[in-house]
Amino acid sequence: MEKEVQMEFNFEIDQMEEEQSVTLPFMVAKNSEWVAEEVLFVVAKASGYNLDLCGKTCQDWVMIAGAGCETRVIEDPGENVMNALKALATDKPYIALFYADTPLVDKQLFYKIMDRFCAQSMNALALPRGFVFKTDYVNSNSEMASTLTYKENLSSFTRVMDAEDFVKISDYLFSKIRNFHLRNGIIMYGANSIFIDADVEIEAGAVIYQNNILRGQTYIGRGVTLDANNIISDSIIADEAYVMSSVIDKSKISKGTSVGPFEKIIGSER
């Protein structure tokens, strides 16, 4: 079953736990329509870049931030950032370099950074993890000279460096996904035990009980009830269907159909 990947999946940003040191509340960037045309968005591979987080790799999450821009993926440049970017030979006026191990970076933060960069007529800006440059500066210099440092939204640059980081970031993203669907009219009981991947689509009016796992490119229709303890992957659950304590994978459950408890439906239609 093929569905369009939701590469524009964005969340309303709020602050993470205090221990992650957010210095200022998030403000939505303004006048950023120019970014897609004028910025080359570069993602450098880093340790753990292909780890799965809520149905996307860490690298996928970072690339969503630059969706709409011309995007390049490069190997980790190490200390040779300037030479690596110069080798890209872009005609875009600006280059933004992010790393694939910072999956909490999103499009709104990216636009905010670019607005700040241009408003202050910077040549180079060091991010907590990454850089922004004028392309002319990159082409005329082999090393970075004096560079301003961006010190806001530090939690958004949290790196996936070990299992503890992975769990914390994963929990945070799952929470944001749940909140996204709650705002869109999905009823959840025991929400903290419900895990929904980023590309899952759920229509308003669906009801989801505790201990449900929705994976991959799954579609949940209007009026669907997912009773407790289901695992549903890459499947369509049509309007007004009822599913309880079952495993459904690469399948379609037709409108008004009841499934479960304790059924396993794989690669078929009911």
Under 3.5 Å donor-acceptor, Arg270 side chain and Ile265 backbone: no

Close side-chain approach of Asn211 and Ser193, heavy atoms under 4.5 Å: yes

Check: Arg178 side chain, Ile194 main-chain N or O, donor-acceptor pair, under 3.5 Å: yes

Trace of the side chain to side chain contact (heavy atoms under 4.5 Å, CB included) decision for Lys134 with Tyr94: CA-CA 5 Å; Lys134 279 186 177 178; Tyr94 306 97; 3.9 Å; yes

Donor-acceptor contact below 3.5 Å, side chain Thr149 vs main chain Ala126: no

Heavy-atom donor-acceptor pair, Lys107 side chain to Ile64 backbone, under 3.5 Å: no

Exam field: side chain Ser233 to backbone Arg215, donor-acceptor pair closer than 3.5 Å: no

Pairwise distance CG(Leu53) to SG(Cys58) - rounded to 0.5 angstrom: 4.0 Å

Straight-line distance of Asn153 CG to Ser155 OG, nearest 0.5 Å: 7.0 Å

Sub-4.5 Å side-chain heavy-atom contact between Glu152 and Lys112: yes

From Thr57 atom OG1 to Asn50 atom CG, the distance as rounded to the nearest 0.5 Å: 7.0 Å

Donor-acceptor contact present, side-chain Asp234 to main-chain Gln217, <3.5 Å: yes

Distance under 6.0 Å and angle within 45° of ring axis: Arg129 vs Phe157: no

Euclidean distance, Ser175 OG relative to Phe180 CZ, rounded to 0.5 Å: 14.0 Å

Ile169 reachable from Phe174 in the ILVMFWY side-chain graph, under 4.5 Å edges: no

Asp199 and Lys56 ion-paired at < 4.0 Å: yes

Nearest-0.5 Å distance that lies between atom CG in Leu214 and atom CD1 in Ile196: 5.5 Å

Common cluster, Leu109/Val35, ILVMFWY with side-chain heavy-atom separation under 4.5 Å: yes

Any donor-acceptor pair under 3.5 Å from Asp239 side chain to Gly223 backbone: no

Greater than 12 external heavy atoms within 6.0 Å of Gln120's CD: yes

Sidechain-backbone polar pair: Ser246 side chain, Met244 backbone, donor-acceptor under 3.5 Å: yes

Flag, side chain of Asn212 to backbone of Tyr209, donor-acceptor distance under 3.5 Å: yes

Sidechain-backbone polar pair: Asn184 side chain, Glu203 backbone, donor-acceptor under 3.5 Å: no

Heavy-atom side-chain proximity of Tyr99 to Pro77 below 4.5 angstrom: yes

Joint cluster assignment, Ile213 & Tyr189, ILVMFWY side-chain distance < 4.5 Å: no

Trace of the side chain to side chain contact (heavy atoms under 4.5 Å, CB included) decision for Cys118 with Trp34: CA-CA 11 Å; Cys118 290; Trp34 58 272; 3.2 Å; yes

Single-linkage hydrophobic cluster, 4.5 Å side-chain cutoff, Val43 and Tyr111 together: yes

Rounded distance (nearest 0.5 Å) linking atom NZ of Lys86 with atom CG of Asn80: 11.5 Å

Phe98 and Trp61 aromatic centres sub-6.0 Å: no

Any Leu97 side-chain heavy atom under 4.5 Å of Ile74 side chain: yes

Ala65 to Asp106 - nearest heavy-atom pair and separation: CB-C, 3.4 Å

Transitive ILVMFWY side-chain link Val247 to Ile236, under 4.5 Å: no

